[in-house]
Amino acid sequence: ENKLDGMVHILQRLLQLYAARELDENSSPLDKVIRSNAEDWTMHLIDITNEGYGETAFAKDLQRRMEGVVLNLPNGSYAQRVQAEYLKEIEDRGK
């Protein structure tokens, strides 16, 4: 079972890297969070907030990206699920 725990961690990291690559638009402060490791999200969220990226801008940017994922990817596809989950995790951490 311990061997499977390591594999789960590797697969989780791989899916995070995939989602980050697909969602990074390099166009807003949110991209700094998106392309960072999940362990660093809180630090980057604090940084972008201190740089003037407010809660309203954060929510609008996340909503826009989520809409893109839902509307532009095949419904129910793994790509859609992984990217939507990644954005949801960022949203949860940002609250």
Side-chain angles (χ1 to χ4, degrees):
E1 192 172 308
N2 288 336
K3 292 178 184 179
L4 292 179
D5 289 343
M7 182 60 73
V8 168
H9 182 70
I10 290 169
L11 289 173
Q12 181 181 26
R13 182 68 183 130
L14 179 67
L15 292 172
Q16 288 172 344
L17 288 169
Y18 161 75
R21 189 194 73 196
E22 292 297 312
L23 294 166
D24 184 3
E25 298 174 353
N26 204 24
S27 64
S28 79
L30 180 59
D31 291 307
K32 184 177 183 180
V33 178
I34 286 174
R35 67 177 155 259
S36 66
N37 292 327
E39 299 82 27
D40 299 329
W41 286 351
T42 302
M43 177 185 64
H44 289 299
L45 286 164
I46 291 168
D47 288 346
I48 64 176
T49 300
N50 292 337
E51 294 167 3
Y53 188 69
E55 187 176 331
T56 303
F58 174 76
K60 283 183 179 181
D61 203 355
L62 273 174
Q63 181 65 32
R64 183 183 57 78
R65 290 174 197 239
M66 187 62 81
E67 288 171 359
V69 167
V70 171
L71 297 174
N72 296 325
L73 294 174
N75 193 25
S77 67
Y78 285 112
Q80 185 185 53
R81 292 181 201 176
V82 168
Q83 291 177 41
E85 179 67 24
Y86 193 76
L87 289 173
K88 183 68 176 144
E89 288 292 325
I90 292 174
E91 179 183 37
D92 291 345
R93 193 83 57 95
K95 291 183 178 179

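Listed for the Gln83 side chain is no donor-acceptor partner under 3.5 Å among the backbone atoms of Ala19. Counting only distance, with no hydrogens or angles, the side chain of Gln12 and the backbone of Val8 share no donor-acceptor pair below 3.5 Å.
Applying the side chain to side chain donor-acceptor pair (under 3.5 Å) rule to Asn37 yields the partners Arg13; only residues at least two apart in sequence or on another chain are considered.
Screening residues 3-40 for ring pair (Phe, Tyr, Trp, His ring centres under 6.0 Å), with sequence neighbours left out, gives no hits.
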If you look only at distance, which donor and acceptor atoms sit under 3.5 Å apart when one is on a side chain in residues 39-46 and the other is two or more places apart or in another chain?
unit_1: Trp41; atom_1: NE1; unit_2: Val33; atom_2: O; d: 3.2
unit_1: Trp41; atom_1: NE1; unit_2: Ser36; atom_2: O; d: 3.3

Under 3.5 Å, side-chain donor or acceptor atoms of residues 54-68 against the rest of the protein: list the pairs with distances, not counting sequence neighbours.
unit_1: Asp61; atom_1: OD1; unit_2: Arg64; atom_2: NH2; d: 2.8
unit_1: Asp61; atom_1: OD1; unit_2: Arg65; atom_2: NE; d: 3.0
unit_1: Asp61; atom_1: OD2; unit_2: Ser28; atom_2: OG; d: 2.5
unit_1: Asp61; atom_1: OD2; unit_2: Tyr53; atom_2: OH; d: 2.9
unit_1: Gln63; atom_1: NE2; unit_2: Glu67; atom_2: OE2; d: 3.1
unit_1: Arg64; atom_1: NH1; unit_2: Glu25; atom_2: OE1; d: 3.3
unit_1: Arg64; atom_1: NH1; unit_2: Glu25; atom_2: OE2; d: 3.3
unit_1: Arg64; atom_1: NH2; unit_2: Glu25; atom_2: OE1; d: 2.9
unit_1: Arg65; atom_1: NH1; unit_2: Leu23; atom_2: O; d: 2.7
unit_1: Arg65; atom_1: NH1; unit_2: Asp31; atom_2: OD1; d: 2.8
unit_1: Arg65; atom_1: NH2; unit_2: Ser28; atom_2: OG; d: 3.2
unit_1: Arg65; atom_1: NH2; unit_2: Asp31; atom_2: OD1; d: 3.1
unit_1: Arg65; atom_1: NH2; unit_2: Asp31; atom_2: OD2; d: 3.2

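The CD1 atom of Ile34 sits 5.0 Å away from atom CD1 of Ile90, with the distance rounded to the nearest 0.5 Å. The distance from the CE atom of Met7 to the CG atom of Leu14 is 10.5 Å, given to the nearest 0.5 Å.
Heavy atoms only, all atoms of each residue included: Leu87 and Val69 are closest at CD1-CG2, 4.1 Å. Scanning both residues, Pro74 and Ser77, for their nearest heavy atoms gives O-OG, 2.9 Å.
Between Arg35 and Asn26, the closest side-chain pair of non-hydrogen atoms falls below 4.5 Å.
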Notebook entry, point to check: Between Tyr86 and Leu15, does a side chain to side chain contact (heavy atoms under 4.5 Å, CB included) hold up when you go through it step by step?
Noted result: CA-CA 9 Å; Tyr86 193 76; Leu15 292 172; over 6 Å; no
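Counting heavy-atom neighbours within 6.0 Å of Asn75 CG, excluding the residue itself, gives a total of 12 or less.
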